Amino acid sequence: MEEKLKIAKAFHDCKSKAIKEINVCFHPNCNEKSINSHILQKNGILSSIAEDGHVTEMQISKYNETEHFFKKVGLNKAFSFNCFCKTHDTELFKTIELEEIDFSNYRNLLLFTLRTVYNEKFRKLVNVSMYKCLITNHSELFDINILKGMLSQENLGITDLEKTENVIWKDLNNGSESYVFKVREISKKDICLSAFYNYETSLELQQYIRKHHKDKEDVTDIFVNIFPYKSKSIFM
């Protein structure tokens with residue numbers, strides 16, 4: 001039991017330190033301090049499903065009795081992470097936060113996607129810093145080879161995300177359209193979801209590696225957003 005508590009504390013301390021270290025705006029041409037940004041806007045989306053200023057958020061902890069669990073979180077912290085500086089967070093997203101949202105507009109849909117990508121990048125950057133901290137400061141508590149393997153996988157994931165990130169910024173800056181979006185209105189559901197995954201299955205990627213002796217250079221990104229908007233929910 002004492003060993004488990006030490007592991008949990010080391011994990012918590014390194015993760016908290018890693019989160020604090022990521023504090024620069026993610027915009028490619030900015031080095032200003034980032035602020036707490038919501039993946040989906042606080043006013044009009046998250047607020048529409050809140051009760052007493054809180055929403056229920058799924059969280060993950062390897063050291064809880066249940067790894068996946070639900071917890072009430074205040075609106076200021078829910079579905080948020082350090083992403084953009086105040087200027088870019090306000091100016092870049094004003095057409096989907098301060099105006100009536102036009103869901104037929106490609107740029108608007110891309111802006112929803114950008115935060116989805118950056119939330120995943122933020123999570124992976126936190127993991128990279130956390131694993132390095134555990135390897136350096138708590139090697140006696142963990143299998144170092146396993147941590148190094150996880151660190152390598154997260155770095156590969158960041159490299160893949162940066163390719164996607166570059167395509168999105170190219171579209172935003174040049175007016176090009178590299179992705180295909182489908183948007184549906186569905187009956188209102190009191191849920192917000194923002195995620196992405198690869199179209200290729202893990203098995204297909206493993207088969208590619210065995211056949212070609214290298215990782216697949218390009219995978220197909222699928223981005224998914226579901227959130228309430230006015231009297232309906234948007235499935236993007």
Side-chain angles (χ1 to χ4, degrees), residues 12 15-16 18-20 22-27 32-105 107-127 168 181-197 222-236:
H12 176 270
K15 185 172 183 178
S16 296
I19 290 172
K20 290 176 183 177
I22 303 171
N23 56 12
V24 176
C25 179
F26 277 18
H27 191 285
E32 295 295 318
K33 183 177 176 61
S34 60
I35 63 171
N36 188 54
S37 299
H38 288 84
I39 306 169
L40 293 170
Q41 67 192 67
K42 173 184 170 183
N43 297 319
I45 292 182
L46 292 176
S47 62
S48 71
I49 62 172
E51 293 182 359
D52 299 323
H54 290 73
V55 294
T56 301
E57 188 175 75
M58 192 187 82
Q59 300 189 356
I60 302 173
S61 173
K62 293 181 181 296
Y63 301 102
N64 266 34
E65 187 174 338
T66 303
E67 184 172 344
H68 298 81
F69 61 99
F70 291 91
K71 181 180 180 180
K72 279 197 170 184
V73 181
L75 273 180
N76 287 334
K77 291 186 177 181
F79 230 44
S80 66
F81 65 109
N82 289 346
C83 185
F84 292 100
C85 66
K86 185 174 182 180
T87 298
H88 285 119
D89 193 61
T90 302
E91 291 299 317
L92 187 61
F93 297 94
K94 62 184 178 182
T95 58
I96 62 172
E97 295 201 341
L98 302 178
E99 302 173 10
E100 183 91 6
I101 303 174
D102 178 3
F103 290 103
S104 67
N105 182 285
R107 182 182 175 86
N108 286 347
L109 303 182
L110 202 61
L111 290 174
F112 280 104
T113 303
L114 182 63
R115 274 206 183 119
T116 303
V117 170
Y118 274 149
N119 179 55
E120 182 65 14
K121 183 176 182 179
F122 177 86
R123 191 181 67 81
K124 289 186 179 301
L125 288 171
V126 167
N127 286 343
I168 291 175
F181 286 102
K182 301 291 184 183
V183 181
R184 298 285 184 273
E185 278 191 353
I186 59 176
S187 58
K188 188 176 180 183
K189 314 292 182 188
D190 289 344
I191 186 171
C192 289
L193 180 150
S194 184
F196 82 96
Y197 60 95
I222 307 291
F223 305 96
V224 180
N225 279 283
I226 300 174
F227 53 87
Y229 186 68
K230 297 184 176 180
S231 60
K232 300 285 187 179
S233 276
I234 301 298
F235 178 28
M236 185 189 304

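From a predicted model like this one, the values you see are computed outputs, not experimental measurements. For this chain, numbers begin at 1 and follow the sequence in order.
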Asker: So how far is it from Glu97 CD to Asp89 CG, rounded to the nearest 0.5 Å?
Answerer: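 Output value for this atom pair is 6.0 Å.
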Asker: Answer yes or no: does atom NE2 of His12 have more than 12 heavy-atom neighbours from other residues, nucleotides or ligands under 6.0 Å?
Answerer: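 Atom NE2 in His12 is not packed in, count stays at 12 or less.
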Asker: Any side-chain to backbone donor/acceptor pair from Glu57 onto Phe79? Under 3.5 Å, distance only.
Answerer: yes
Asker: Do you know the tightest heavy-atom contact between Val55 and Ala50?
Answerer: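 In terms of heavy atoms, the two residues are closest at CG1-CA, 3.8 Å.
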Asker: How far does CG of Asn108 sit from OG1 of Thr113, to the nearest 0.5 angstrom?
Answerer: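 Asn108 atom CG to Thr113 atom OG1 measures 11.0 Å (nearest 0.5 Å).
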Asker: Looking at Glu32, I'd like to know if its CD atom is crowded, meaning that more than 12 non-hydrogen atoms belonging to other residues, nucleotides or ligands lie closer than 6.0 Å.
Answerer: no
Asker: Looking at CD1 of Ile234 and CD1 of Ile186, how far apart are the two atoms once the value is rounded to the nearest 0.5 Å?
Answerer: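 One finds 8.5 Å between CD1 of Ile234 and CD1 of Ile186.
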Asker: Does Cys85 offer a backbone N or O that forms a donor-acceptor pair with the side chain of His27 under 3.5 Å?
Answerer: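 Answer holds: no.
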Asker: Report, as yes or no, whether the 6.0 Å neighbourhood of atom CD on Glu51 holds more than 12 heavy atoms from other residues, nucleotides or ligands.
Answerer: no
Asker: Could you check whether any side-chain heavy atom of Ser194 comes within less than 4.5 Å of a side-chain heavy atom of Asn119, counting everything from C-beta outward?
Answerer: no
Asker: I need the minimum non-hydrogen distance between Cys192 and Leu46, along with the two atoms involved.
Answerer: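 Answer, listing the atom of Cys192 first, then Leu46: SG-CD2, 3.8 Å.
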Asker: Quick check against the 3.5 Å criterion: does Asn36 have a side-chain atom that pairs as donor or acceptor with the backbone of Asn76?
Answerer: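 Judged by distance alone, yes, a pair lies under 3.5 Å.
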Asker: If you measure from CD1 on Ile35 to NE2 on His88, what distance do you get to the nearest 0.5 Å?
Answerer: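 Answer rounded to 0.5 Å: 12.0 Å.
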Asker: Less than 4.5 Å apart, any side-chain heavy atom of Glu185 and any of Tyr229?
Answerer: no
Asker: Is there side-chain contact between Asn105 and Thr95, with heavy atoms separated by less than 4.5 Å?
Answerer: no
Asker: Is the shortest side-chain heavy-atom distance between Phe223 and Leu109 below 4.5 Å?
Answerer: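 When only atoms from C-beta onward are counted, Leu109 and Phe223 do not touch, as no gap falls below 4.5 Å.
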Asker: Calculate, to the nearest 0.5 Å, the distance between atoms NZ and OG1 belonging to Lys71 and Thr56 respectively.
Answerer: 12.0 Å
Asker: Step through it carefully: locate the ring centre of Tyr118, locate the ring centre of Phe81, and say whether they are under 6.0 Å apart.
Answerer: no
Asker: Checking Ser48 side chain against Ile45 main chain: does a donor-acceptor pair fall under 3.5 Å?
Answerer: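 The answer is yes, because a donor-acceptor pair under 3.5 Å joins these two groups.
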Asker: Would you indicate whether the side-chain heavy atoms of Phe235 and Val224 approach each other to under 4.5 Å?
Answerer: yes
Asker: Would you say NZ of Lys15 has more than 12 non-hydrogen atoms from neighbouring residues, nucleotides or ligands within 6.0 angstrom?
Answerer: no
Asker: Heavy-atom distance under 4.5 Å between the side chains of Phe84 and Cys25, does that happen here?
Answerer: yes
Asker: Using 30° and 60° as the class boundaries, would you call the ring planes of Phe122 and Phe26 parallel, tilted or perpendicular?
Answerer: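 Answer is tilted, since the angle falls between 30° and 60°.
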Asker: Do Ile101 and Gln41 touch side chain to side chain, with heavy atoms closer than 4.5 Å?
Answerer: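 In contact.
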Asker: Tell me, with the steps shown, if Leu110 and Ile168 meet side chain to side chain contact (heavy atoms under 4.5 Å, CB included).
Answerer: CA-CA 7 Å; Leu110 202 61; Ile168 291 175; 3.9 Å; yes
Asker: Atom CG in Leu111, atom OG1 in Thr116: separation rounded to 0.5 Å?
Answerer: 11.0 Å
Asker: Examine distances only and state if a side-chain atom of Ser233 and a backbone atom of Lys189 form a donor-acceptor pair shorter than 3.5 Å.
Answerer: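 Pair found, side chain donor or acceptor close to backbone of Lys189.
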Asker: For Phe196, is the CZ atom crowded, meaning more than 12 foreign heavy atoms sit under 6.0 Å from it?
Answerer: yes
Asker: Check Arg107 against Leu92 and note the closest heavy-atom contact, atom names and distance.
Answerer: NH2-CD1, 4.0 Å
Asker: Mark yes or no for whether His54, through its side chain, and Asp52, through its backbone, hold a donor-acceptor pair below 3.5 Å.
Answerer: yes
Asker: Please check if the side chain of Arg115 supplies one atom and the backbone of Leu40 the other of a donor-acceptor pair under 3.5 Å.
Answerer: no
Asker: Do the side chains of Ile22 and Asn82 get nearer than 4.5 Å, heavy atoms only?
Answerer: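 SC-SC contact between Asn82 and Ile22 ruled out.
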